[in-house]
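These notes concern the structure reproduced below.
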Amino acid sequence: MCGWYYTLIVGAACVRAWEFPPKPIFPAGQTIIPGVNDNVDIVTGSQFNGLVTYANLPYLNCLSDDEVGDKKYDIAILGAPFDTGVTARPGARYGPRGIRIGSERKAEDFAWSVYTGKNPLRSWANVVDCGDVPLTWLDNNVAMARLDKAHLVVSGRIPSNESYSAHPRIITLGGDHTTTLSALRSTYKRWGQVSVIHFDSHIDTWDPAVLGGGLSDYAGLNHGTFLHIAHEEGLIRNTSIHAGIRAPLARRRGDMRNDVRCGFSMVKARDLDKIGVAGIISQIKDRVEGSRVYISVDIDVLDPAFAPATGTPEPGGWSSRELLTILDGLNGLDIIGADVVEVSPIYDTAGQTTALAAAEIVFSLIELMVENPVEH
């Protein structure tokens with residue numbers, strides 16, 4: 001016996017609690033710490049190692065001709081760290097990084113859907129993370145010019161599978177919503193006019209004379225006017241639609257008249273209570289039927305309970321499950337571009353509520369693109 005005090009039993013040996021236990025006995029040939037020359041894999045096996053990319057996708061600097069070389073891709077994740085077009089809380093310049101961190105549990109070998117039985121990262125599409133566009137925060141004109149060019153370069157390369165897509169398609173990680181204008185300019189160049197499915201709590205079609213433009217033309221381009229400007233530039237069709245709208249307007253009637261003029265109809269946030277998810281899906285698909293589609297998701301379409309980390313949160317929004325179900329219901333549309341914007345990680349919870357939701361939304365957008373090739 002080891003005495004009256006507490007003891008530990010290790011194998012057949014009885015040792016005092018305050019003593020180190022004897023070295024365990026292992027079968028012949030088995031050791032605790034393998035030798036340095038043993039065949040141990042230190043390259044794969046964890047989604048937490050290496051540089052952080054979205055869903056642990058391969059990184060490719062798609063902006064550099066030299067680095068791209070003969071490498072090809074079909075869907076590109078592109079970060080747009082820009083937030084100097086906001087009218088409220090800044091911080092979305094850190095959104096691309098936050099979304100990538102929120103996605104780090106995802107990986108090609110662990111992405112099979114329990115709903116569809118499919119894995120979009122193991123299908124026909126070569127999906128890569130192109131990193132972030134180097135955007136200055138000191139001059140919005142220069143930043144937007146860089147983002148315009150980056151979209152054109154990334155979308156202008158030869159895709160991996162030309163039989164499935166005429167051009168690589170881009171999913172942008174914002175960044176504030178101003179960044180969507182560059183994406184729409186690029187999609188117009190490659191695909192022509194698109195219908196925009198705009199998930200947001202705000203209309204974002206404000207006339208620059210109402211929101212910002214009264215100060216200067218420079219101030220007139222911001223995250224609340226970019227859709228107005230996209231319409232004025234002829235980038236979007238008059239078959240676009242908002243979904244999840246609930247935020248107040250600047251003018252009682254003028255804002256809505258201008259919104260219709262910009263080609264938008266509207267699904268309000270509380271419409272979901274009346275017609276359900278199926279009704280929302282039906283309204284959206286009926287509106288954009290027969291056209292190519294760009295999906296833009298402002299994370300503030302979600303209620304602040306599900307996405308507190310955003311610049312202009314508005315109570316009364318949808319849940320993350322409701323939005324993901326609506327997105328899944330858009331299968332069958334010709335989606336030629338997409339984004340998730342306005343994620344400001346500094347306002348997130350310790351559990352990364354917003355980043356996790358945003359990462360899941362991006363994954364849903366990848367699924368839609370893989371399921372729906374756009375050949376011409």
Side-chain angles (χ1 to χ4, degrees), residues 177-178 180-181 183-184 187-188 191-208 210-211 223-303 312 314 316-318 322-342 361 364-365 368 372:
H177 223 152
T178 314
T180 299
L181 182 60
L184 291 173
T187 55
Y188 176 78
W191 305 91
Q193 284 188 326
V194 295
S195 296
V196 177
I197 302 175
H198 176 228
F199 291 96
D200 205 316
S201 63
H202 311 88
I203 57 173
D204 291 352
T205 53
W206 276 286
D207 190 319
V210 174
L211 190 66
H223 71 164
T225 63
F226 72 94
L227 286 175
H228 174 102
I229 294 169
H231 172 265
E232 296 300 294
E233 292 184 5
L235 309 178
I236 61 178
R237 294 166 56 100
N238 289 325
T239 52
S240 297
I241 186 169
H242 304 295
I245 300 297
R246 60 190 183 277
L249 304 172
R251 298 177 294 175
R252 182 181 178 187
R253 294 189 179 92
D255 290 346
M256 295 308 300
R257 284 197 299 266
N258 187 63
D259 190 66
V260 172
R261 188 186 69 83
C262 289
F264 282 85
S265 65
M266 183 182 300
V267 176
K268 300 181 180 71
R270 296 184 189 179
D271 291 345
L272 189 143
D273 302 321
K274 302 172 185 177
I275 63 176
V277 166
I280 301 293
I281 294 169
S282 178
Q283 283 196 20
I284 294 173
K285 296 184 86 168
D286 288 347
R287 176 68 174 176
V288 303
E289 184 180 9
S291 65
R292 288 184 172 141
V293 172
Y294 185 95
I295 298 179
S296 183
V297 181
D298 186 325
I299 201 66
D300 73 21
V301 71
L302 300 180
D303 189 87
T312 48
E314 302 286 352
W318 292 341
E322 289 164 345
L323 177 59
L324 291 169
T325 302
I326 292 169
L327 287 172
D328 288 349
L330 301 182
N331 193 15
L333 299 179
D334 287 340
I335 299 161
I336 50 77
D339 61 56
V340 178
V341 298
E342 298 284 356
I361 293 166
S364 290
L365 295 171
L368 287 173
N372 301 278

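Side-chain atoms of Asp204 do not come within 3.5 Å of backbone N or O of Leu227 as any donor-acceptor pair. Ser195 contributes no side-chain N or O that, together with a main-chain N or O of Ser240, makes up a donor-acceptor pair within less than 3.5 Å. Under a 3.5 Å cut-off, the side chain of Ser282 and the backbone N or O of Ala278 do not form any donor-acceptor pair. A side-chain donor-acceptor contact under 3.5 Å links Asn372 to the backbone of Gly332. The backbone N or O of Gly254 sits nowhere less than 3.5 Å from a side-chain atom of Asn258 that would complete a donor-acceptor pair. Remark: side-chain polar atoms of Glu322 are not paired, donor with acceptor, to backbone N or O of Val277 under 3.5 angstrom. When atom types are taken as modelled, the side chain of Asp259 and the backbone of Thr205 share no donor-acceptor pair closer than 3.5 angstrom. Of the possible polar contacts, one joining the Arg246 side chain to the Glu314 backbone as a donor-acceptor pair under 3.5 Å is found. In this structure a side-chain-to-backbone donor-acceptor pair under 3.5 Å is present from Asp303 to Gly316.
Under the 4.5 Å side-chain criterion, counting only non-hydrogen atoms from C-beta, Leu302 is in contact with Leu323. By the 4.5 Å heavy-atom criterion applied to side chains, Leu330 and Val293 are not counted as neighbours. Considering only heavy atoms from C-beta on, Phe199 comes within 4.5 Å of Leu327 through its side chain. Between His228 and Arg261 there is a side-chain heavy-atom pair separated by less than 4.5 Å. Residues Ile197 and Ile335 have side chains not in contact (no heavy-atom distance under 4.5 Å, counting atoms from C-beta outward). Side-chain contact between Ile299 and Ile361: present, with at least one pair of heavy atoms (C-beta onward) separated by less than 4.5 Å. Side-chain contact between His231 and Asn238 is present, with heavy atoms from C-beta onward closer than 4.5 Å. With a 4.5 Å cut-off on side-chain heavy atoms, Ile275 and Ile280 count as touching.
Ile241 and Gln283 get closest at one heavy-atom pair: CD1-O, 4.0 Å. In terms of heavy atoms, Gly329 sits closest to Ile281 at O-CG2, 3.4 Å. The minimum heavy-atom distance between Leu211 and Thr225, with the atom names listed, is O-CG2, 3.5 Å. Nearest heavy atoms, Gly234 versus Gln193: O-NE2, 3.0 Å. For the residue pair Gly244 and Val301, the shortest heavy atom distance occurs at CA-CG2, 3.9 Å. Nearest approach of Ala247 to His202, heavy atoms of both residues: CB-CD2, 3.2 Å.
No more than 12 heavy-atom neighbours from other residues, nucleotides or ligands sit within 6.0 angstrom of CD on Glu289. Annotation: Lys268, atom NZ; neighbour count of heavy atoms from other residues, nucleotides and ligands within 6.0 Å does not exceed 12.
Checking Asp298 against His223 by side-chain atom types alone, no donor-acceptor pair falls below 3.5 Å.
Taken from OH in Tyr294 to CD1 in Ile236, the straight-line distance is 12.0 Å, to the nearest 0.5 Å. In this structure, the separation between NE2 on His242 and CD1 on Ile284 is 12.0 Å, given to the nearest 0.5 Å. Atom SG of Cys262 sits about 10.5 Å away from atom CG of Asp255, to the nearest 0.5 Å. In this structure, CH2 on Trp318 lies 12.0 Å from CG on Asp300, to the nearest 0.5 angstrom. Leu184 contributes atom CG, which lies 7.5 Å from atom CZ of Phe226 (distance to the nearest 0.5 angstrom). With values rounded to the nearest 0.5 angstrom, Ile295 atom CD1 is found 9.5 Å from Ile336 atom CD1.
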query = Can you check side-chain contact (heavy atoms from CB on, under 4.5 Å) on Val341 and Val297, steps first, answer last?
reply = CA-CA 6 Å; Val341 298; Val297 181; over 6 Å; no
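Taking the six-membered ring for Trp and thresholds of 30 and 60 degrees, His198 and His177 have ring planes inclined between 30 and 60 degrees apart.
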